[in-house]
Amino acid sequence: MIPEMYIRGTQVNYYFICKTKLWLFSHNITMEQESDAVNLGKLLHEETFRRDEKDVQIGPISIDIIRKGDVLEIREVKKSKSLMEAHVYQTLYYLYYMHKFGIKAKGILSFPKSRENIEIKLGEEEKEKLERILEDIQRIVAGDMPPPTRSKICKRCAYFEFCFS
């Protein structure tokens with residue numbers, strides 16, 4: 001297995017949200033269990049798509065929902081589109097992961113609250129960008145903790161007290 005295949009989808013998501021959060025999570029410093037926002041997301045995940053196979057673990061990745069068919073459907077369930085780029089690249093990473101193992105798959109981002117689905121496609125441009133991102137994630141995780149940088153999303157982050165108290 002190639003090194004970038006040990007990266008979890010959550011790490012790809014956190015790469016776009018906050019490098020400090022990425023580093024802390026990657027070093028098993030997790031605080032999500034105390035977050036109301038994370039708990040709300042888990043509840044939404046549990047209450048939607050009840051008939052589907054959920055939380056499918058394939059190596060280091062955990063996919064919210066998988067539907068089998070002619071082409072495997074990978075579905076990520078999200079609360080809102082506020083962190084759209086992070087959601088898209090997390091889903092693209094799952095498609096990339098499947099592609100590396102020769103599995104044809106399509107990606108869907110689902111937003112149950114707004115009853116919206118967005119299809120995500122992995123093209124050559126996305127593969128190249130994702131490979132650069134995966135290399136950067138490995139570099140960040142192997143280095144020292146990046147200093148916290150305050151942004152508008154920090155107040156809702158499970159790591160807020162850790163970073164700014």
Side-chain angles (χ1 to χ4, degrees), residues 1-69 71-113 116-122 126-127 129-138 140-142 153 156-159 162:
M1 189 177 280
I2 52 177
E4 69 262 25
M5 304 312 276
Y6 290 103
I7 293 173
R8 294 178 274 179
T10 303
Q11 290 173 289
V12 174
N13 188 297
Y14 287 176
Y15 176 82
F16 289 93
I17 295 170
C18 172
K19 305 300 188 271
T20 306
K21 186 174 187 174
L22 165 65
W23 190 93
L24 290 167
F25 178 81
S26 300
H27 288 85
N28 297 318
I29 301 169
T30 58
M31 298 180 170
E32 285 86 359
Q33 69 277 5
E34 299 168 20
S35 168
D36 290 339
V38 172
N39 289 332
L40 181 60
K42 285 181 181 177
L43 181 64
L44 185 66
H45 172 70
E46 290 169 9
E47 295 299 318
T48 57
F49 304 103
R50 289 180 176 207
R51 290 181 279 165
D52 290 300
E53 190 174 355
K54 291 185 176 181
D55 300 320
V56 179
Q57 190 78 34
I58 303 170
I61 64 172
S62 178
I63 299 169
D64 284 350
I65 295 168
I66 283 188
R67 290 182 179 163
K68 298 170 187 159
V71 175
L72 194 68
E73 182 183 298
I74 293 168
R75 187 175 291 259
E76 277 296 301
V77 179
K78 300 296 181 185
K79 287 184 312 192
S80 76
K81 294 181 186 174
S82 64
L83 302 169
M84 192 62 171
E85 186 176 28
H87 301 332
V88 167
Y89 273 91
Q90 181 178 3
T91 307
L92 283 170
Y93 176 60
Y94 295 152
L95 294 174
Y96 176 83
Y97 196 94
M98 294 298 168
H99 172 76
K100 287 287 188 184
F101 287 103
I103 299 169
K104 281 188 171 185
K106 66 178 180 180
I108 307 283
L109 270 173
S110 287
F111 302 94
K113 286 172 64 179
E116 191 173 354
N117 296 308
I118 298 172
E119 187 168 346
I120 306 297
K121 293 182 179 177
L122 179 67
E126 290 85 7
K127 281 183 204 171
K129 184 173 179 184
L130 199 49
E131 286 171 353
R132 288 192 303 272
I133 290 166
L134 296 174
E135 287 175 16
D136 204 26
I137 288 172
Q138 290 174 326
I140 291 167
V141 171
I153 62 170
R156 294 181 290 147
C157 178
Y159 295 90
F162 181 90

Acceptor/donor pairs from residues 54-62 side chains to any protein atom, 3.5 angstrom cut, sequence neighbours excluded:
{"residue": "Lys54", "atom": "NZ", "partner": "His45", "partner atom": "O", "Å": "2.6"}
{"residue": "Lys54", "atom": "NZ", "partner": "Glu46", "partner atom": "O", "Å": "3.1"}
{"residue": "Lys54", "atom": "NZ", "partner": "Thr48", "partner atom": "O", "Å": "2.4"}
{"residue": "Asp55", "atom": "OD1", "partner": "His45", "partner atom": "NE2", "Å": "2.9"}
{"residue": "Asp55", "atom": "OD2", "partner": "His45", "partner atom": "NE2", "Å": "3.4"}
{"residue": "Gln57", "atom": "NE2", "partner": "Gly59", "partner atom": "O", "Å": "3.0"}
{"residue": "Gln57", "atom": "NE2", "partner": "Ile61", "partner atom": "O", "Å": "3.3"}

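Listed by chain and residue number, Arg50 satisfy the salt bridge (charged side-chain N to carboxylate O under 4.0 Å, His left out) test with Glu47 (two or more places apart in sequence, or in another chain). In this structure Glu126 satisfies the salt bridge (charged side-chain N to carboxylate O under 4.0 Å, His left out) test with no other residue, sequence neighbours excluded. Legend: residues meeting side chain to side chain contact (heavy atoms under 4.5 Å, CB included) with Ala158, ordered by chain and number and at least two apart, are Met31, Ser35. Evaluation of the side chain to side chain donor-acceptor pair (under 3.5 Å) rule for Asp52 yields Arg67 as partners, not counting sequence neighbours. Not counting sequence neighbours, the partners of Lys127 by the salt bridge (charged side-chain N to carboxylate O under 4.0 Å, His left out) test are Glu124.
Between Tyr93 and Tyr89, the distance separating the two ring centers is not shorter than 6.0 angstrom.
When all heavy atoms are compared, the tightest approach of Tyr159 to Ile29 is OH-O, 2.7 Å. The two residues Ser110 and Asn117 have their closest heavy-atom pair at OG-OD1, 2.6 Å. Between Met84 and Phe111, the closest heavy-atom pair is SD-CZ, 3.8 Å. For Met98 against Ile63, the heavy-atom pair with the smallest separation is CE-CD1, 3.6 Å. Nearest heavy atom pair, residue Gly107 against residue Thr91, reads CA-CG2, 4.0 Å. Nearest heavy atoms, Ser80 versus Ser82: OG-OG, 3.0 Å.
Counting heavy atoms from C-beta outward, Ile17 and Leu22 have side chains that stay 4.5 Å or more apart. In this structure, the side chains of Ile120 and His87 stay at 4.5 Å or more apart for every pair of heavy atoms. Two residues are said to be in side-chain contact when any heavy atoms from C-beta on lie closer than 4.5 Å; Asn39 and Leu43 fail this criterion. Between Ile118 and Lys78 there is no side-chain heavy-atom pair separated by less than 4.5 Å. A 4.5 Å side-chain heavy-atom check between Gln11 and Tyr6 finds every atom pair outside the cut-off. Contact of the Ile108 side chain with the Arg75 side chain is registered, since non-hydrogen atoms from C-beta on lie closer than 4.5 Å. By the 4.5 Å heavy-atom criterion applied to side chains, Phe162 and Thr20 are not counted as neighbours.
Using a distance-only test at 3.5 Å, with no hydrogens or angles considered, a donor-acceptor pair links the side chain of His27 to the main chain of Val141. Checking side-chain atoms of Glu76 against main-chain N and O of Asp64 turns up a donor-acceptor pair under 3.5 Å.
A donor-acceptor contact under 3.5 angstrom links the side chains of Gln90 and Tyr94, judged on distance only.
The OH atom of Tyr15 lies 7.0 Å from the CD1 atom of Ile137; values are rounded to the nearest 0.5 Å. Atom CD1 of residue Ile74 and atom OH of residue Tyr97 lie 11.0 Å apart, to the nearest 0.5 angstrom. Considering CG of Leu130 and CG of Leu92, their distance stands at 6.5 Å, rounded to 0.5 Å. Distance check, rounded to the nearest 0.5 Å: NZ of Lys121 to CG of Leu95 gives 11.5 Å. With rounding to the nearest 0.5 angstrom, the CG atom of Asn28 is 7.0 Å from the OG1 atom of Thr30. To the nearest 0.5 angstrom, Lys42 atom NZ is 13.5 Å from Leu44 atom CG.
Ring pair Tyr14/Phe25 is perpendicular by interplanar angle, where above 60° counts as perpendicular and below 30° as parallel.
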Original post:
When you look at Phe16 and Val88, which way does the side-chain contact (heavy atoms from CB on, under 4.5 Å) test go after all the steps?
Top reply: CA-CA 10 Å; Phe16 289 93; Val88 167; over 6 Å; no

